[in-house]
J.: 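Have a look at this one.
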Amino acid sequence: MIITRTPFRISFFGGGTDYPVWYEKHGGAVLSTAIDKYCYITCRNFPPFFDARTRIVWSKIELKNDVEEIEHPAVKGVMKFLEIKDGLEIHHAADLPARSGLGASSSFTVGLLNALYALRGETPDRGQLVNDAIHVERNIIGESVGSQDQVAAAFGGFNKITFRPDHSIEVAPLAIRPEVLAALQDRLLLFFTGLSRSASEIASAQIKNTPNKEKELKMMHAMVDQAAGFLEKGDVDAFGRLLHESWQLKRSLSDVISTPHIDAIYEAAREAGALGGKILGAGGGGFMLIYADPAKHATIKERLKSLLHVPFKFEKGGTEIIYNHE
């Protein structure tokens, strides 16, 4: 039996420049961090005493004899990619809900790949897990996905991730002093809007509109280095104000990224003292990140008391095998 633990992520800057339609021409970059909320995958060879060859437990229970019959898209895609013929039992559990802007789908795919490779005695490096996950999600499942979530899930840490036109990816941990990183973490609040959405559908609309948003995306790309520079200098409030500017650009990329409900949440936080923030992931719902001085947090939480506040910490590690027993 194998159990993997794979972190979710928060993306601060550069989202939208990690789609091939953009970085194949212009290059792209994001600034993101893994967080201490996880996807857990348990895998084992399924004993041959049952009627079904494969048992998959997620929000439903699937008992299947053929890979083509599997409903869970990532399980089906990974098993087809790895050409798995033997029976499997797969269980999924997570700290936070899917379709919420924290890269949960890619965390699942990366974690499942890590588990199934381990089950057959193989140890892929993190770069291979990234490339395999991107291939499964984009080419086998057919989703409109970027390339940042798979990197954050596989590598973990607080990184600048660069996407080159030739599809090569560079992962560069930021040189941030521990006290600066702690100060940033102390100023961030995470709220669940209560809205779930299909990231692929939101992303499809943004991708379609990309040729008309070149100016905005170039500005968002440039903000990655600006934000990294602020953190390396220790100016966390400048980082927070830049989050606000970035969110204004991001919400202009498509009319489905924000909603009146999301706008009202953000404006309430700003009125209560927030310097910046953003909806996480593709948009349309999920989690909202707020940046504010800790002295303002109580007021902001009171203004947003109808929302679930989720405490979190930055996570240094990426996907890992936490149990391996033959």
J.: Can you confirm whether E179 is buried at CD, in the sense that more than 12 heavy atoms of other residues, nucleotides or ligands lie under 6.0 Å from that atom?
T.: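 Above 12, so yes.
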J.: Are a donor atom and an acceptor atom from the side chains of T6 and T319 found within less than 3.5 Å of each other?
T.: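 The criterion, which ignores hydrogens and geometry beyond distance, is satisfied for T319 and T6.
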J.: Salt bridge or not between E68 and K80? Use side-chain N to carboxylate O under 4.0 Å.
T.: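 Salt bridge flag = yes for K80 with E68.
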J.: What pair of heavy atoms forms the shortest contact from A269 to I300, and how long is it?
T.: O-CG1, 4.1 Å
J.: Minimum heavy-atom separation for P7 and A153, please, with both atom names.
T.: CD-O, 3.7 Å
J.: Test side chain to side chain donor-acceptor pair (under 3.5 Å) on E137 and T109; report intermediate values, then the result.
T.: CA-CA 8 Å; E137 294 180 0; T109 305; 3.1 Å; yes
J.: Would you say that M1 contacts T42 through its side chain, given a criterion of any heavy-atom pair below 4.5 Å between the two side chains?
T.: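 M1 reaches T42 side chain to side chain.
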J.: Just checking F158 against F12, ring centres under 6.0 Å apart?
T.: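 Yes; F12 has its ring centre under 6.0 Å from that of F158.
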J.: Can you tell me how far apart CD1 (I2) and CG (N324) are? Round to the nearest 0.5 Å.
T.: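 Answer rounded to 0.5 Å: 3.5 Å.
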J.: Taking only distance into account, with no hydrogens and no angle test, what donor-acceptor pairs under 3.5 Å do side-chain atoms of residues 26-36 form with protein atoms, sequence neighbours excluded?
T.:
from: D36; atom 1: OD1; to: K313; atom 2: N; distance (Å): 2.8

J.: What's the shortest heavy-atom distance between G15 and M220, and which atoms?
T.: O-CE, 3.3 Å
J.: Do the two ring centres, one from F8 and one from F312, sit under 6.0 Å apart?
T.: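 They do not qualify: ring centres at least 6.0 Å apart.
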J.: Establish whether I56 and I3 are linked, either directly or via other cluster members, by ILVMFWY side-chain heavy-atom contacts under 4.5 Å.
T.: no
J.: Would you check if the side chain of N159 reaches a backbone N or O of I161 as a donor-acceptor pair within less than 3.5 Å?
T.: no
J.: Show the numbers, then the answer: is there a side chain to side chain donor-acceptor pair (under 3.5 Å) between S258 and Y266?
T.: CA-CA 10 Å; S258 193; Y266 185 67; over 6 Å; no
J.: Quick one: does any side-chain atom of Y291 pair with a main-chain N or O of D237 as donor and acceptor, under 3.5 Å?
T.: yes
J.: Tell me the closest heavy-atom pair linking L304 and A268, and the distance in Å.
T.: CD2-CB, 4.0 Å
J.: Are the side chain of E216 and the backbone N or O of L253 linked by a donor-acceptor pair below 3.5 Å?
T.: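 No; judged by distance alone, with no hydrogens or angles, the pair does not exist.
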J.: Please name the pair of heavy atoms, one in R53 and one in N65, separated by the smallest distance, quoted to 0.1 Å.
T.: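 Shortest heavy-atom contact: N-OD1, 3.1 Å.
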J.: Say whether, by atom type as modelled, one donor and one acceptor occur between the side chain of Q148 and the main chain of S11 under 3.5 angstrom.
T.: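 Pair absent, no side-chain N/O of Q148 close to backbone of S11.
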J.: Is it the case that the ring center of F239 lies less than 6.0 angstrom away from the ring center of F13?
T.: yes
J.: If you measure from the Lys or Arg side-chain nitrogens to the Asp or Glu carboxylate oxygens, is any gap between R241 and E245 under 4.0 Å?
T.: no
J.: Report yes or no: is the cationic atom of R5 (NZ for Lys, CZ for Arg) closer than 6.0 Å to the six-membered ring centre of Y38, at no more than 45° off its axis?
T.: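 Here R5 passes the 6.0 Å and 45° test against Y38.
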J.: Donor-acceptor pair, E320 side chain versus I322 backbone, under 3.5 Å?
T.: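 Not confirmed, E320 side chain does not pair with I322 backbone.
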J.: Salt bridge check: are K305 and E302 linked by an N-O gap of less than 4.0 Å?
T.: yes
J.: Report, one line per pair, each donor and acceptor closer than 3.5 Å where one atom sits in a side chain of residues 116-123; sequence neighbours left out.
T.:
from: Y117; atom 1: OH; to: Q128; atom 2: NE2; distance (Å): 3.1
from: Y117; atom 1: OH; to: D132; atom 2: OD2; distance (Å): 2.6
from: R120; atom 1: NE; to: E122; atom 2: OE2; distance (Å): 2.9
from: R120; atom 1: NH1; to: L82; atom 2: O; distance (Å): 3.1

J.: Please report the shortest heavy-atom distance between T17 and H221, naming the atom on each side.
T.: CG2-CB, 4.0 Å
